[in-house]
Amino acid sequence: MTSDDEKRQHFPETMLSQLDRWLVAGEEGLAKVRNHIMSVYREPLVIYFQGRSDRWLGEPDDIVVGFFADRLGRADYLEKWREHGGRLRYWLIRGLDYYLKELRKKRRNVPKPAGDPSEEIPADSEAVERAFDRVFIQSLIREALTRAEVACREQDLLEHWRVFELHHLMGLPYAELSEETGLPAERAAVMTRTATKRFRAALRDIMVQDGISPELVNQELAYLLEVVNS
Amino acid sequence: MNRPDDTDPRPPRPVSKELATHLLHIGMDEDTPVDHLVTRITLPDGAKWFESALTAPLIGDGERVRAGGCSLEELTDLKDRAKRQLGHAATTTEEAIAILGYLLAQAGGLVHHGRSLSEKTPEELPSAFADLAAVTPESWAEFFARARDLLGRE
């Protein structure tokens, strides 16, 4: 067993999330982890960076892509997060903070344009996390919708997904939906429920990948509901 | 349904505050064993699976239950064994067969003996029967729809 293998073995098998399984699956798995992180966290981090006074450091997209390339290119970056515990999204915020500090040092001689401090996200960590979480929620939902649609497509349930979209995303009651699709309302309800399960599973899986214990997902969802309505 | 080509790239989905609230609420609901059973039946090989589940060791001969060939004692025994399997199911398939056996026994009691097998009818029974009526083959759909109607609720 190589030292890399030994390091990877410390994830307890019974608690493996999809992300953990990717982490122990070698280079191909790591590529999937990177894709997942970029897909879910890129936009929230871009918006987080846009709210900072040091946005003179570069274009937000370039900064975040540079951060991912630097940190996710390190073999132990996510292992350190697993050892540290907590939410992956907060680990990435702190990571981006350190990355920006390094960039500031490197670019010490570059003149800074005047910034508007009033536009900054507040410095206290709770306010930063809540501001970040508002954007994260958008990203979380979009990613869960995308994954659920893919799951439905792969399982030959694309029609179920279309009914889910009409009912849950466009707000059509089953009676109207029935008129539009020609499906009996009762059948439409069952089809919606089938696709809803795929969405729920995707949403909860992403949250577990963010570092939340499966038994605490409902508690975290309650917190996100409070954030979205505050 | 008229839809753009499914391979077309789509713009990012707008997620309003109201939609986010609605979808996060959906995320909080847990799937029930009945949900798992309905999902299993609606998969592409679901009809074949349903047919084989009706002759699984727990159920024995589901067709006999539907046709009214089982006594109340036999149905109560099936219900009790199904409940035990439900509590000890190691896989989602075992769980799905157990809940199917339970619902089959309850529906058999209502349709063929005019009574519930439980002192207090579980609240979830009408919607479970309605779900099964929507996803099972025609003769079975009629059986579960009849059981739901006999409970006199939506």
Side-chain angles (χ1 to χ4, degrees), chain A residues 43 134 137-146 149 153 155-166 168-171 177 180-191 193-204 206-207 217-229, chain B residues 1-47 49 92 96 124 126-136 138 141-142 144-145 148-149 154:
Chain A
E43 189 190 353
R134 278 192 197 94
I137 289 164
Q138 302 273 318
S139 191
L140 167 74
I141 288 173
R142 272 199 286 268
E143 181 69 12
L145 288 169
T146 301
E149 183 175 0
R153 188 189 301 271
Q155 293 163 21
D156 204 15
L157 295 170
L158 207 48
E159 197 184 359
H160 295 62
W161 181 254
R162 298 303 176 219
V163 175
F164 170 95
E165 287 185 317
L166 290 172
H168 282 307
L169 306 189
M170 297 170 69
L177 194 159
E180 176 157 332
T181 62
L183 291 165
E186 195 173 58
R187 174 75 186 136
V190 172
M191 289 171 76
R193 215 172 307 166
T194 301
T196 300
K197 288 184 211 358
R198 305 301 188 278
F199 169 75
R200 184 183 302 127
L203 186 77
R204 297 176 77 91
I206 297 168
M207 296 180 74
V217 167
N218 278 355
Q219 200 174 310
E220 182 74 0
L221 280 166
Y223 161 73
L224 293 178
L225 275 164
E226 185 211 318
V227 169
V228 91
N229 287 295
Chain B
M1 276 178 259
N2 292 327
R3 298 270 162 197
D5 186 331
D6 286 330
T7 58
D8 286 349
R10 295 187 186 184
R13 303 170 195 263
V15 182
S16 66
K17 181 177 164 181
E18 291 71 25
L19 182 59
T21 302
H22 177 61
L23 293 178
L24 290 174
H25 270 298
I26 286 178
M28 290 184 87
D29 298 329
E30 301 282 359
D31 284 356
T32 65
V34 177
D35 291 331
H36 288 300
L37 172 63
V38 170
T39 300
R40 186 64 193 86
I41 296 172
T42 53
L43 290 179
D45 65 343
W49 179 87
T92 50
E124 302 81 5
S127 65
F129 288 148
D131 284 349
L132 284 181
V135 297
T136 49
E138 198 176 347
E142 284 170 12
F144 288 118
R148 182 203 54 197
D149 293 345
E154 273 302 304

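In what follows, every chain begins at residue 1, and chains take the letters A, B, ... in the order their sequences are listed. These numbers come from a predicted model, not from an experiment. All heavy atoms count here, side chains included; hydrogens, waters and symmetry mates do not.
Contact annotation for A:Val217: neither backbone nor side-chain heavy atoms come within less than 4.5 Å of a heavy atom of chain B. Contact of A:Leu224 with chain B is made through backbone and side chain together, with heavy-atom distances under 4.5 Å. Residue contact with chain B, scored on non-hydrogen atoms closer than 4.5 Å, involves the side chain of A:Leu140 exclusively. Of the two parts of A:Ala222, the backbone and the side chain both hold a non-hydrogen atom closer than 4.5 Å to a non-hydrogen atom of chain B. Heavy-atom distances place the side chain of A:Arg198, and not its backbone, under 4.5 Å from chain B.
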(request) Would you please test B:Leu23 and A:Leu145 for side chain to side chain contact (heavy atoms under 4.5 Å, CB included) and show each step? (result) CA-CA 10 Å; B:Leu23 293 178; A:Leu145 288 169; 4.3 Å; yes

(message) Before you tell me yes or no, could you show the steps for A:Ile141 and B:Leu24 under side chain to side chain contact (heavy atoms under 4.5 Å, CB included), namely the whole-Å CA-CA distance, both residues' side-chain angles and the distance that decides it to 0.1 Å?
(response) CA-CA 8 Å; A:Ile141 288 173; B:Leu24 290 174; 4.2 Å; yes

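A distance of 6.5 Å separates CG in B:Asp35 from CZ in A:Arg193, rounded to the nearest 0.5 Å. Here CD of A:Gln138 is found 12.0 Å from NZ of B:Lys17. Values are rounded to the nearest 0.5 Å. Distance CZ/B:Arg40 to OG1/A:Thr194: 12.5 Å, rounded to 0.5 Å.
Your options are A:Leu203, A:Val228, A:Leu221, and the one with the most heavy-atom pairs under 4.5 Å with chain B is A:Leu221. Counting heavy-atom pairs closer than 4.5 Å to chain B, the top-ranked of the candidates A:Leu157, A:Leu169, A:Thr196 is A:Leu169. Contact count versus chain A (heavy atoms, under 4.5 Å) is highest, among B:Leu19, B:Val38, B:Asp131, B:Val135, for B:Asp131. Per-residue counts of heavy-atom pairs under 4.5 Å with chain B were compared for A:His160, A:His168, A:Gln155; the largest is that of A:His168.
Applying the side-chain hydrogen bond (donor to acceptor under 3.5 Å, both in side chains) test to A:Asp156 and every residue at least two apart in sequence or in another chain returns nothing.
Checked by atom type and distance alone, the side chain of A:Arg200 never pairs as donor or acceptor with a backbone atom of B:Met28 at under 3.5 Å.
Among all heavy-atom pairs drawn from B:Gly27 and A:Asn218, the shortest one is O-OD1, 4.2 Å.
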